[in-house]
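What follows is a single structure, written as structure tokens, with notes after it.
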Amino acid sequence: MLSYIPNPLIIPIGLIVGMLIAAPVGPVNVLCIQRAIERGFWGGVAAGIGSVMGDGLIALCAGLGVGTVSGVVQEHRATIQVIGGLALIAFGLRLYYSAPRLKMTSEADAQTARLKDFVWDIPQTFFLTITNPGAVLGLFAVFGGVTTFVEVHSTIDVLLLVAAIVCGSMLWWITLSNVISRYRHRIDLHVLQIVNRVAGLLLALFGGVLIAEVIMKSGNF
């Protein structure tokens, strides 16, 4: 019996796709960057893990041919979009009005911090990722194109591609969090307040756009 030999393109293409998915500036990305500035390396990584888990789940559903997921998203897109929009507005307003403070105020504090200290950020960014219908359907489309390009034929190929995408996205967040953590101590509380308010406004704006799109499509505006 011949042993299974995966397509050699799956891993490098998956890694690249994972980084490209994580890189564009969107609501979740803004929140992850803000967390890295405020909370240091592990704060950024924790927020990134939630986003990566969301993308990984969507990619897995797309890869396994779970068309019902895409169908449900299409059928209930307006409801999901409103929920996601309200969540973004709530996160944005909370961030805008929150008192600025660097959670890790010294290098010693940063070195003693652990992922478990910021574990609550993981479900937050996961929820924001899976409640963005545009991102969900977009990832389904991207995954479909990638699987055609690299000729994914088996379940093992799918799982390997999803794993590579997750690793690529996680590599992006680890690298970005590391870079930010190296320079975050140069930021004073005044600058952090500006960062919080800009990030909060962007999150609220993203949420407002999602809700406005639903209203316009419904013909009530």
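One is the number of the first residue; the rest follow in order along the sequence. Everything numeric in this text was worked out from a predicted model, so none of it was measured. What's counted below: heavy atoms across the whole structure, side chains too, no hydrogens, waters or symmetry copies.
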Item checked: Cluster check Tyr97, Leu201: I/L/V/M/F/W/Y, side chain < 4.5 angstrom -> yes
Check: Which atom pair, heavy atoms only, marks the closest approach of Arg35 to Gly43?
Finding: CB-O, 3.8 Å
Can you give the donor-acceptor pairs under 3.5 Å from side chains of residues 81-93 to other protein atoms, not counting sequence neighbours?
unit_1 : atom_1 : unit_2 : atom_2 : d
Gln81  : OE1    : Arg77  : NE     : 3.2
Gln81  : NE2    : Leu210 : O      : 2.9
Gln81  : NE2    : Glu213 : OE1    : 2.8

Check: Got a sec, which hydrophobics cluster with Ile16, joining ILVMFWY side chains under 4.5 Å apart, including via others?
Finding: Leu20
Item checked: Gap between atom SG of Cys61 and atom CD1 of Ile130 - 0.5 Å precision -> 10.0 Å
Notebook entry, point to check: At what distance, to the nearest 0.5 angstrom, does CZ of Phe206 lie from CG of Asn29?
Noted result: 8.0 Å
Check: Does any N or O in the side chain of Thr125 come within less than 3.5 Å of the main-chain N or O of Asp121, such that one atom is a donor and the other an acceptor?
Finding: yes
Next item on the list: May I ask you to check whether over 12 heavy atoms, not counting those of Ile11, lie within 6.0 Å of atom CD1?
Entry: no
Next item on the list: Verify the cluster assignment for Val209 and Val214: are they in a single hydrophobic cluster under the rule of side-chain heavy atoms below 4.5 Å apart?
Entry: no
Margin query: Membership question, hydrophobic clusters at under 4.5 Å side-chain separation (ILVMFWY): are Val179 and Val45 in the same one?
Written below: no
Checklist line | From CG (Asn196) to CD (Gln34), nearest 0.5 Å | finding: 4.5 Å
Next item on the list: Say whether Val198 and Val30 are linked into one hydrophobic cluster, either directly or through other cluster members, by side-chain heavy-atom distances under 4.5 angstrom.
Entry: yes
Next item on the list: Measure the OG-CD1 distance between Ser51 and Ile122 for me, rounded to the nearest 0.5 Å.
Entry: 11.5 Å
Give the table of side-chain donor-acceptor pairs shorter than 3.5 Å for residues 159-175, with sequence neighbours excluded, one pair per line with atom names and distance.
unit_1 : atom_1 : unit_2 : atom_2 : d
Ser169 : OG     : Gly18  : O      : 2.7
Ser169 : OG     : Ile165 : O      : 3.2
Thr175 : OG1    : Leu171 : O      : 2.8

Next item on the list: List the atom of Leu57, the atom of Phe126, and the distance in Å for their closest heavy-atom pair.
Entry: CD2-CZ, 3.9 Å
Item checked: Lys/Arg cation over aromatic Tyr96: Arg197, 6.0 Å, 45° cone -> yes
Next item on the list: Please round to the nearest 0.5 Å and tell me the distance separating atom CD1 of Ile37 and atom OH of Tyr183.
Entry: 14.0 Å
Notebook entry, point to check: Going from OG1 on Thr129 to CD1 on Ile58, what distance comes out if it is rounded to the nearest 0.5 angstrom?
Noted result: 7.0 Å
